[in-house]
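No experiment lies behind these values; they were computed from the predicted model shown.
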Amino acid sequence: REVMGVFLRPEAYPTFLKPPNMHPWQTKQVDLNTVLASTNNHDGTQDSCNEPNNVSVDYQIFCAEKDPAKMQYVWGSYTNGVGLYSREKLMDIGRMNGEPEDIFNSRYVESNYAFRALQKYCHAAIQLEPDCQDVGKRCTAAFYHIGGGRGTIPMKADGSKCAGTFWIYYGTPWFEQQLKMTEMSGQPLCTESELMEWKGIEATEKDSAEYRKETARINKEIFEKEQKQRQEMIKQGEILKENDPQLLRQHLPALEGMSDSEIKNHADRMIRFANSPHPLQGLWDGHGRPIET
C-alpha cells in the first residue's frame, strides 16, 4: 500500500500494531525546493531557487490491518485530528457517507471512512522533536486534540436505530460478508422505515443532542479548572522573579541546585507555558478527553 500522508497528533498505534503493519523508523533526504509550492511575490512573480535545500526527515509508516477478523481498531488519524494528506489519494477514497439524503447511520461515518482508507493506503508519523520517536507523545505531534466531544455522538450505540458494525464495511468487498454474519448472529436488521429515517438530518440531531449537552457541561468544568491552574502558575512564576534567589533556594528544595539565572529562566518558562495553548498535565487523557474527578 502507498502512503497517503502524515498525521500530526499523538496516536496509540504502537500499542496494537506490530510488524509488518508497523514499519521501523526510516530517514530520507528531502529537497524542500522540489516538494513545496513556490511562493508568489506581491508583483505576481514567483520566487525560484536553484540551490538545493536538503533536510533530513525521520518517519515511521503505519499500515492498519485490512482483515476485519484480525483488526482491533479501524479509525484514528485517518479521520480524527490534524493530518496532511494527498488530495489525489483522498479523492480516490471518496467522500464520507452520512451527508443529508444519505441513508447511512451517522454513528459509523468516521469508522467507515477510515476502513475504506486503510484498505488502500498507509500513513506515517514524522519526527518533530530531536531524539524523540514516541508517537504517543509530542515527539511526532504538531497539534494536540483536547476537549470531550471529538464527534457528535455517544461512544455506545445503545438505543440507536439500525445500529450495527456492518456499517463500517459499507462500500467495501467485506460488506456483504459482515451483513450475513450480523443476520446469523440473530441481531435484528433495520426495517425500511427505520432505515429511511437516516436519510434526513433529524435522526442524527436527535441521536446526538443529549451527548452534546453532556459534553458541553464536562468541557466547561475542565476548562474552568485548567484556567485556575494557569493563573496559579503565573502567580508562582511572578513570585520567583520578584524574590531573592538565595532566599528561594533556602526555602524551596526544588531550586537548591539552580543558579540565579536558571531560577529566572524557570520562572519565565512557567509563565510562558501558562499563557500558551498547550494542555496542562492531569486534565486530559492520552486521547485528549477530559479526566473527570
Side-chain angles (χ1 to χ4, degrees), residues 5-15 25 27 30 32 36 39 53-60 76-77 80-85 123-150 215-293:
V6 297
F7 53 90
L8 299 170
R9 52 157 288 173
E11 281 294 347
Y13 292 122
T15 64
W25 280 90
T27 302
V30 177
L32 295 182
L36 297 179
T39 56
N53 184 12
N54 293 319
V55 296
S56 179
V57 177
D58 292 324
Y59 63 97
Q60 186 175 25
S77 49
N80 193 346
V82 181
L84 186 62
Y85 291 103
H123 55 182
I126 54 176
Q127 182 180 333
L128 300 177
E129 295 286 343
D131 304 316
C132 182
Q133 294 182 334
D134 186 344
V135 299
K137 297 183 178 178
R138 293 180 183 172
C139 312
T140 59
F143 301 87
Y144 198 84
H145 195 162
I146 62 172
R150 300 189 301 167
T215 293
R217 179 190 68 79
I218 296 172
N219 279 346
K220 183 174 183 293
E221 291 177 1
I222 297 294
F223 280 119
E224 287 177 352
K225 183 177 179 180
E226 185 186 51
Q227 186 57 36
K228 289 179 182 178
Q229 290 189 21
R230 291 183 186 277
Q231 291 170 353
E232 184 60 29
M233 288 172 64
I234 294 171
K235 183 179 177 181
Q236 291 175 4
E238 295 294 350
I239 290 173
L240 293 180
K241 292 175 68 174
E242 293 169 1
N243 283 275
D244 177 26
Q246 184 58 34
L247 191 63
L248 292 171
R249 282 190 286 268
Q250 291 176 7
H251 293 278
L252 298 172
L255 304 180
E256 265 182 32
M258 291 188 183
S259 65
D260 292 4
S261 61
E262 286 173 335
I263 291 175
K264 181 182 181 301
N265 290 337
H266 176 69
D268 288 338
R269 284 196 302 271
M270 186 182 295
I271 294 171
R272 283 200 304 272
F273 188 77
N275 287 321
S276 79
H278 296 299
L280 302 185
Q281 297 296 315
L283 297 175
W284 319 96
D285 66 15
H287 293 286
R289 294 179 297 232
I291 299 173
E292 294 186 82
T293 56

Euclidean distance, L255 CG relative to H266 NE2, rounded to 0.5 Å: 6.0 Å
E224 and K228: CA distance, side-chain angles, deciding distance, salt bridge (charged side-chain N to carboxylate O under 4.0 Å, His left out) verdict: CA-CA 6 Å; E224 287 177 352; K228 289 179 182 178; over 6 Å; no
Listed once per pair and sorted, the salt bridge (charged side-chain N to carboxylate O under 4.0 Å, His left out) pairs that draw on residues 244-258, sequence neighbours left out: R249-D260
Heavy atoms of other groups near F143 CZ, more than 12 under 6.0 Å: no
From N275, I271, L280, residue fulfilling side chain to side chain contact (heavy atoms under 4.5 Å, CB included) relative to M233: L280
Test salt bridge (charged side-chain N to carboxylate O under 4.0 Å, His left out) applied to E221 and K225, step by step: CA-CA 6 Å; E221 291 177 1; K225 183 177 179 180; over 6 Å; no
Spatial distance of atom CZ (F223) from atom CG (L283) [nearest 0.5 Å]: 9.5 Å
Inter- and intrachain pairs under salt bridge (charged side-chain N to carboxylate O under 4.0 Å, His left out), touching residues 126-136, at least two apart: none
R230 and E226 ion-paired at < 4.0 Å: yes
Min side-chain heavy-atom separation Y13-Q60 under 4.5 Å: no
Listed once per pair and sorted, the salt bridge (charged side-chain N to carboxylate O under 4.0 Å, His left out) pairs that draw on residues 267-280, sequence neighbours left out: K241-D268, K264-D268
Pairwise distance CE(M270) to CD(E238) - rounded to 0.5 angstrom: 11.0 Å
